[in-house]
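So that the names make sense, note that chain A is the first sequence line, chain B the second, and so on, each numbered from 1.
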There are 2 protein chains.
Amino acid sequence: MAVTIKDIAKKLNISYATVSRALRDSPEISQDTKEKVKKAAKEMNYQPNAIARGLVTKKTKTIGLILPDITNPFYPQVARGVEETANQEGYSVFLCNSNYENEKEKAYIDLLISKKVDGIILAPIGEESLKWNHREIPIVIIGRKNVCPQENFVVIDDKKGGYLATEHLIKNGHSKIMFIGGKEKVESNKERLEGYKLALNKNGIQLDANLIRNDHFKRESGHILMKKALQEGIAATAVFAGNDLLALGVLQAIYEYGLKVPQDIAVVGFDNIPTAELPEISLTTIAQPKYKMGVLATQMLLVKIKNPTHRCESIILTPELIVRKTSI
Amino acid sequence: MAVTIKDIAKKLNISYATVSRALRDSPEISQDTKEKVKKAAKEMNYQPNAIARGLVTKKTKTIGLILPDITNPFYPQVARGVEETANQEGYSVFLCNSNYENEKEKAYIDLLISKKVDGIILAPIGEESLKWNHREIPIVIIGRKNVCPQENFVVIDDKKGGYLATEHLIKNGHSKIMFIGGKEKVESNKERLEGYKLALNKNGIQLDANLIRNDHFKRESGHILMKKALQEGIAATAVFAGNDLLALGVLQAIYEYGLKVPQDIAVVGFDNIPTAELPEISLTTIAQPKYKMGVLATQMLLVKIKNPTHRCESIILTPELIVRKTSI
DNA sequence: AACATTAACGCAAACGTTTGCGAAAGCTTC
DNA sequence: GAAGCTTTCGCAAACGTTTGCGTTAATGTT
């Protein structure tokens, strides 16, 4: 159906090996026939078959990107970062949503290996990923650092971020601070909670387990969790949310309850998603360089692909506290 | 390196054709050897090579998704829709951002064809796409309807949406209504503007070209455009923004200018992105069923892939006006 | 008992490239 | 003008599957 290398070889009465080489500007081919071949290729609207090429070269110029949920506003920017830098080098990227499910994550890894991607960028759910880190395929982890110690990763220091957020609230006079987080098993959630606990501890504040609640990394969860807490008449003057989506839900609950932010309750989030900076929201949060993380992860993956033996260093980015109006 | 079908055959002392058939549960193979083969495959950690398979079957179980910008909060949900329904059928999806550039769009289409995707879902920029609609590859257009009349599409009625939005403002007593849109060449922008004009016309309101401004489908553009308009001392009591991102920028400009929404200026957007429904924002807008659009487009594409001759009907979804607090 | 049928499997081609190696020219050099 | 070198190209194998067809042995039919 589609025109192949053989078709243009036949037309030009040369071997298809020559066509192949001419199209890729091999030095073995004379300028003369190169031009002839390229001209014919254009005329016949030849499109190289990457599948056939991949079979022999064992390179597909393709990478896989596994995210929990592209719908979480944190991820589109990192996805954009990886897609753009991958594309610059001629790579395509498979988008996979693990939906915060370990089984789906594993299924996607297997699928990507079957599809012979050259590498994988993975934002893992939990420690489960440890089990398949022995793969022969280059991989870089994004957003977690303890999961696969032997693999490369690019992360922000979640614990420090949690610490910064909580410390900020404490310095503003709060001592009854809630932590509203996502799935308990998720590494980043744990780390942020650790940071929270550390800040309380360092400031001599007693840990109150009733102030710590977890559900999902979604706005609805923040809404429900906070609503429930308010109805319980919880004694808190501030809340540190595990991510900005949760914070938005928290804000909504407080709003609906008729309380004022930050006067009655202060709130700080995590991620610095685009809506956090809207003047109407103005959410104090911990910023992650999302796009940059995507770029860095991809660059790192590409060097690993091109040079499998090369031992590159992982990257830990430092989180930044961005103070806006929900906390002060 | 990786274990192949031949390795299994060698170990079991049978032909690799038999292994291939056994693994795919061909009826020609006895239950006995099927089990033996599958057992060996599992033991040897065999992973089928989708590249090799694709070369002979001419099916890659892969589709391409070309979006203008995954960073626009409208798209992650449609992306999720296509990814999920594609995955259910065993398909993977390539994510491509055209960045609202025709050249990138074209380059991606060529790339996807080279990679032998089984089909493409395209959210096109402009009419340029007309040029490559003769491809031999199944394609469904998302978000535009006039671009490739002979291709299948799933869209909402942009013109009607623009009409609904403008009419809503008019019914609330506004007659000086700005239109702040995205790229002028983009079909959906045009259509929405047409709807705007139609509503004005039907209500006997004179069209004022000075009230119509276009830039990009980004918040910054809305911000800049509105800021400029306010500084010019524009006489408008309402604005219809081409999408919600623009509307957010408009809101910001009004906010910074010290005016009140909707008392001083009413605004309505388009898309109903997640942040539009936040209580602090509460943006009146035209809703599109984003996730559903992704699902429908993918389903349509899959039937075209499985049955190329099948002539399926395109889908035009009706937009819905969602009245919130920025307009009333 | 002879033949036809069926079940189960092997052979080998094919998919569209890339690539190591060999071969045929053309060109130098003495 | 023979030897050697370069340039330019063709041959054929290889990548890991799928699949049409042929083959064998077992079973069924008369």
Side-chain angles (χ1 to χ4, degrees), chain A residues 1-38 40-41 44-62 90 110-111 113-118 136-137, chain B residues 1-38 40-41 44-62 90 110-111 113-118 136-137:
Chain A
M1 194 97 282
V3 28
T4 78
I5 229 174
K6 295 193 180 184
D7 295 324
I8 106 172
K10 206 163 293 175
K11 180 173 184 181
L12 263 45
N13 236 19
I14 56 179
S15 84
Y16 53 87
T18 304
V19 176
S20 171
R21 282 189 258 252
L23 288 175
R24 281 172 305 121
D25 269 324
S26 163
E28 303 186 71
I29 306 296
S30 72
Q31 203 58 38
D32 201 44
T33 59
K34 270 185 194 174
E35 283 169 12
K36 249 186 274 180
V37 168
K38 286 179 183 176
M44 303 171 71
N45 192 28
Y46 167 75
Q47 313 250 103
N49 184 327
I51 296 296
R53 177 179 299 172
L55 187 56
V56 26
T57 63
K58 295 181 171 304
K59 296 279 171 199
T60 53
K61 286 277 191 175
T62 293
D110 283 342
L111 182 62
I113 289 179
S114 261
K115 298 237 169 161
K116 298 295 166 188
V117 296
D118 296 336
E136 65 284 356
I137 189 172
Chain B
M1 195 95 281
V3 26
T4 79
I5 230 175
K6 295 193 180 184
D7 296 325
I8 299 179
K10 207 164 291 174
K11 180 173 183 182
L12 262 45
N13 237 20
I14 55 180
S15 84
Y16 52 88
T18 304
V19 176
S20 171
R21 282 189 257 253
L23 288 175
R24 281 173 304 121
D25 269 324
S26 164
E28 301 187 71
I29 304 297
S30 72
Q31 203 57 37
D32 201 44
T33 59
K34 270 184 192 173
E35 283 168 12
K36 249 187 271 180
V37 169
K38 286 179 182 175
M44 302 170 73
N45 192 28
Y46 167 75
Q47 313 251 102
N49 185 326
I51 297 296
R53 177 178 301 173
L55 186 56
V56 26
T57 63
K58 296 181 171 301
K59 296 280 170 198
T60 54
K61 286 279 191 173
T62 294
D110 283 341
L111 183 60
I113 289 179
S114 262
K115 297 237 168 162
K116 298 295 166 188
V117 295
D118 295 336
E136 65 285 356
I137 189 173

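- The two residues B:Leu55 and A:Asn49 come nearest to each other via the heavy atoms CD1-ND2, 4.5 Å.
- Here the CD atom belonging to A:Glu35 is positioned 13.0 Å from the CD1 atom belonging to A:Ile29, to the nearest 0.5 angstrom.
- Taking side-chain N and O atoms only, B:Lys58 has a distance below 4.0 Å to OP1 or OP2 of C:dG16.
- Following rounding to the nearest Å, A:Leu23 (CG) and C:dG16 (C1') show an atom-to-atom distance of 13 Å.
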**OP:** Under the side chain to side chain donor-acceptor pair (under 3.5 Å) rule, what do A:Thr60 and A:Lys115 come out as? Steps first, then yes or no, please.
**Re:** CA-CA 9 Å; A:Thr60 53; A:Lys115 298 237 169 161; over 6 Å; no
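- Side-chain atoms of A:Ser114 come within 3.5 Å of backbone N or O of B:Pro48 as a donor-acceptor pair.
- Between the CD atom of B:Gln47 and the P atom of D:dG16 there is a distance of 14 Å, rounded to whole Å.
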Original post:
Taking protein heavy atoms under 4.0 Å as touching, what does nucleotides 18-23 of chain D look like 5' to 3' if B marks base contact, S marks sugar-phosphate-only contact and - marks none?
Top reply: BBB---
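- To the nearest 0.5 Å, atoms CD1 (A:Ile8) and CG (A:Leu23) are separated by 5.0 Å.
- Taking each heavy atom of A:Lys34 and A:Asp25 in turn, the nearest pair found is CD-OD1, 3.5 Å.
- Among D:dC9, C:dG10, C:dC9, the nucleotide with an atom closest to any side-chain atom of B:Thr33 is C:dC9.
- For A:Lys59 and C:dG16, the NZ to C1' distance is 20 Å, given to the nearest whole Å.
- Comparing the axis of the opening five pairs of the helix from C:dA1-D:dT30 to C:dC30-D:dG1 with that of the closing five pairs yields an angle of 50°, rounded to 10°.
- The distance from atom NZ of A:Lys6 to atom C1' of D:dA12 is 11 Å, rounded to the nearest whole Å.
- Among all heavy-atom pairs drawn from B:Tyr46 and B:Val3, the shortest one is CD1-O, 3.3 Å.
- To the nearest angstrom, P of C:dA8 lies 10 Å from CD of B:Gln31.
- Rounding to whole angstrom units, CG of residue A:Leu55 and P of D:dT17 are separated by 9 Å.
- The structure places OG1 of B:Thr62 at 13.0 Å from NZ of B:Lys116, a figure rounded to the nearest 0.5 Å.
- Separating the OG1 atom in B:Thr18 from the CG atom in B:Asn13 is a distance of 11.5 Å, to the nearest 0.5 Å.
- Taking atom CD1 of B:Ile51 as the reference point, atom P of D:dA14 lies 21 Å away to the nearest angstrom.
- Spacing between atom CG of A:Asp7 and atom P of C:dC15 amounts to 11 Å, rounded to whole angstrom units.
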